[in-house]
Amino acid sequence: MKATLASMFTASGLAAAALLLGADRIAPSMHHWQEAPLAGCRDCHDETGRPPTNVHQPVAFAHDSAAPPATSVRDGVPDVVVIAQLAEHYSPVMFDHRIHADMSQLSGGCTNCHHNSVAGAQVAACRECHSPLRDGGTLTQPSLKGAYHRQCLGCHRDWSHENGCGYCHREQSPRTDVAHVIDPSDIIMTPHPRVQPSGSYIYQTNSPSGSLVSFSHDGHAQAYGLKCVDCHQGGSCSGCHDGSAPVRHAAGGMPSCQACHATNNCNFCHADHARPAFEHSASTGWSLEPQHARVACVSCHGRVEAFLTPSTSCRACHGDLSPANFDHRITGVPLLGSHALLECSRCHTGSRADSPATCNGCHADKHYPQNAPGAR
Amino acid sequence: MFAFPANIPSRSAREALSRRDFVKISGVCAAGLATAGAARASEKRALDPDRRGVLVDLTVCVGCRRCEWACNNANDLPNGDLSDCDDQSIFKSRRRPTSVHLTVVNRMAGSDGSKPIFVKTQCMHCEHPACVSACLVGAMRKTADGPVIYDASRCIGCRYCMVACPYQFAAYEYENALTPQVKKCQLCQSRTSRGELPACVAMCPVEALTYGRRDELLKLAHERIDCNPDRYVNHVYGEHEGGGTSWLYLADRPFTELGFPALGPDSPAELTETIQHGIFKGFAAPVMLFGLLGAIGKLSHASTAHTHAEHTEKVTP
């Protein structure tokens, strides 16, 4: 779509007229409406008929329906964008799109910059709405120059405190050599300098149930396999970078513990002493090695909001463990030879189903391997 | 009050008569002048409905100070290199416009530790300017299309305008011993008359400044507030302050935190003009004043004549 300013405003005027007339759909001459697979006028325009704004953006429309939509931040987005629409006035800017796209996952995604666009739709170029001329016939929108500067300086002045021309306007940007990433779904592997999650935090509180709350950042980030964006959402660059200190590990927009651990048991978090980081074997007496370590916590404990203590019965999870249904090799102990013919109870003699198998019932010189499933 | 010596009554009476004649003549002259003056002042200053102004969106300003550079450049004031604007240390102290910096940007820290905000200041170009009201010689003039213009050729250097300004944004060339002028933003009238934007507005890289018709800017400002209620406080500074100003401001926090004076909806000139014009309305004050003086004079004359007669009787043999 070539949404010129004139057509946008004509469209908004007609949209207002359509609203007044109670029309449900705008006449098909509206470019943006023709290509938007959406419902009524008020999806975009409020009762005043004003066009959607940067913040008030109730809906977005596909500006170019012929182009393949980008389905993720990785898919079909450029690494580097050369901003040279106003090259006769200003030296081109090499904009490192990749790192901005990656980091935007922490604070709202693509729409931070590509307002009036939604995931799944081809985003519109800035110049489709923002006129290169300052006086583009409207006071309501910044020109292309103003729009670019707002997008860049609006964030950069907050945390790098850079607002000089030379910060962007130079012949070559040293940051345009963007390394490709390994894990596309998390920022840890992005060109952003690798984030080193710190170990543990001990929070002092006023709670009568225990003044100390121990939080293992390592545990959440590594042992539990959480991604940064699982917790760090809705923040901003300056939430971590305040300019004077390079990195401040107190990003805004953090959910509280109760967002995940919705328990009424105060002692779940609060204690009178600092707790060591959670380690499954030491803390519960149940080793996860080797196979259960690969299983997500919620597979056994139900909702992460309130961990359930699962049954220690193998059959509670594994159901019928008859040799026909259970591949014993996943335990690390393949049943070879005559072992395949034995009843389970010949080796698993304990009263609990998770009791380790005993070998010395038959083999006086054999012991069950260490790190096999089950409680010790 | 001056009291005549009692031993020369006849001379005093003769002088009082002649003085009364003088006062009569000068009273008639003063009445004529005052009536003419009151008539001029009571004319409501007619403002063009499409008069211009500038809307400053402080939530957009990044504090780059390019407006300061552009202003000095356009007004032939001493100016450094453009990159000098990058010096952030200048924000350590709060500045006011001076004779060589007609506009300055200050960084204002939030009272609750919120992030700093940058505030551009310059002459606000009031709708009913106190400086124009205070000026004895008409060197300050509110033009119908918005700007308040200073005419150095009329100025006598009394600096009443600077005292009258509620924003204290007018500056004086104290460093110029021979031909000092009052210096203030003229809203780039030379540029706007050519169809160009004011220098600061044209320079602003983020377009935090919008130049246009004042009524359209007000509409735009309220639209922005309506559409982004979380971004702005519901207040357009300059819409009503001091009777309204040509420069309008939007911000994300109360304006009193940003150094803007809390002014009522009336122009500071309104009170003084009302009193002065009211006093002289219908020639009332001169009539009352000179009527009172006349009555005092008449009583005094009668008393003096009586005393003189008694004295004359006493000395008659």
Side-chain angles (χ1 to χ4, degrees), chain A residues 12 45-58 86 89-90 93 115 130-170 236-239 241-244 252, chain B residues 52-55 57 59-67 69 81-89 91 105 107 113-118 195-198 201-232 248:
Chain A
S12 65
H45 304 274
D46 62 15
E47 61 277 2
T48 65
R50 288 193 295 248
T53 63
N54 193 344
V55 176
H56 173 65
Q57 40 181 334
L86 303 175
H89 301 300
Y90 313 101
V93 171
H115 52 262
H130 295 279
S131 165
L133 300 173
R134 176 64 187 272
D135 187 6
T138 174
L139 299 176
T140 58
Q141 273 182 321
S143 72
L144 191 56
K145 169 190 158 193
Y148 279 142
H149 282 136
R150 285 191 193 189
Q151 291 289 31
C152 299
L153 292 169
C155 292
H156 278 268
R157 63 137 172 180
D158 277 351
W159 64 281
S160 65
H161 302 293
E162 288 282 358
N163 55 21
C165 306
Y167 187 66
C168 296
H169 290 280
R170 49 192 169 189
S236 64
C237 303
S238 55
H241 306 267
D242 68 357
S244 51
Chain B
R52 301 302 169 121
V54 181
L55 175 64
D57 192 336
T59 68
V60 173
C61 177
V62 296
C64 70
R65 295 174 51 229
R66 298 300 190 277
C67 50
W69 187 91
D81 193 70
L82 190 59
S83 61
D84 293 350
C85 300
D86 298 341
D87 178 17
Q88 305 267 324
S89 64
F91 291 127
V105 178
R107 183 172 63 197
S114 55
K115 69 182 181 185
I117 189 170
F118 298 94
E196 296 175 18
L197 292 170
V201 178
M203 188 71 171
C204 181
V206 289
E207 297 180 16
L209 311 176
T210 310
Y211 177 77
R213 285 175 54 133
R214 185 175 185 271
D215 55 352
E216 287 185 4
L217 294 178
L218 276 173
K219 187 163 162 261
L220 173 65
H222 284 291
E223 269 187 18
R224 286 193 194 171
I225 292 172
D226 290 346
C227 291
N228 312 289
D230 297 335
R231 183 184 177 106
Y232 300 104
L248 305 164

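A note on names: the letters A, B, ... follow the listed sequences, proteins ahead of strands, and every chain is numbered from 1.
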Asker: Return the set of residues passing side-chain contact (heavy atoms from CB on, under 4.5 Å) with B:Asp81 (not counting sequence neighbours), or none when no residue passes.
Answerer: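 In terms of side-chain contact (heavy atoms from CB on, under 4.5 Å), with neighbours along the sequence ignored, B:Asp81 is linked to B:Ser83, B:Asp84.
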Asker: With a 4.5 Å cut-off on side-chain heavy atoms, are B:Val201 and A:Arg134 touching?
Answerer: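 A side-chain contact exists here, since the closest heavy-atom pair is under 4.5 Å.
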Asker: How close do A:Arg150 and B:Val206 get, heavy atom to heavy atom, and via which atoms?
Answerer: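 Scanning both residues, the minimum pair turns out to be NE-O, 2.8 Å.
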Asker: Side chains of A:Thr140 and B:Glu223 only: does a donor on one sit below 3.5 Å from an acceptor on the other?
Answerer: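 Judged by distance alone, the side chains do not pair up.
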Asker: Is it the side chain or the backbone of B:Leu55 that comes within 4.5 Å of chain A heavy atoms, both, or neither?
Answerer: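 Neither; nothing under 4.5 Å.
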Asker: I'd like to know which of A:Ser143, A:Ala147, A:Gly154, A:Pro142 tops the heavy-atom pair count under 4.5 Å against chain B.
Answerer: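 The option with the most such pairs is A:Ser143.
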Asker: Please give me the minimum heavy-atom distance between B:Arg224 and A:Leu139, naming the atom from each residue.
Answerer: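 Here B:Arg224 and A:Leu139 meet closest at NH2-O, 4.0 Å.
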Asker: Which atoms of B:Cys64 are under 4.5 Å from chain A, going by heavy atoms: the side chain, the backbone, both sets, or neither?
Answerer: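 It is both, since atoms from each part get that close.
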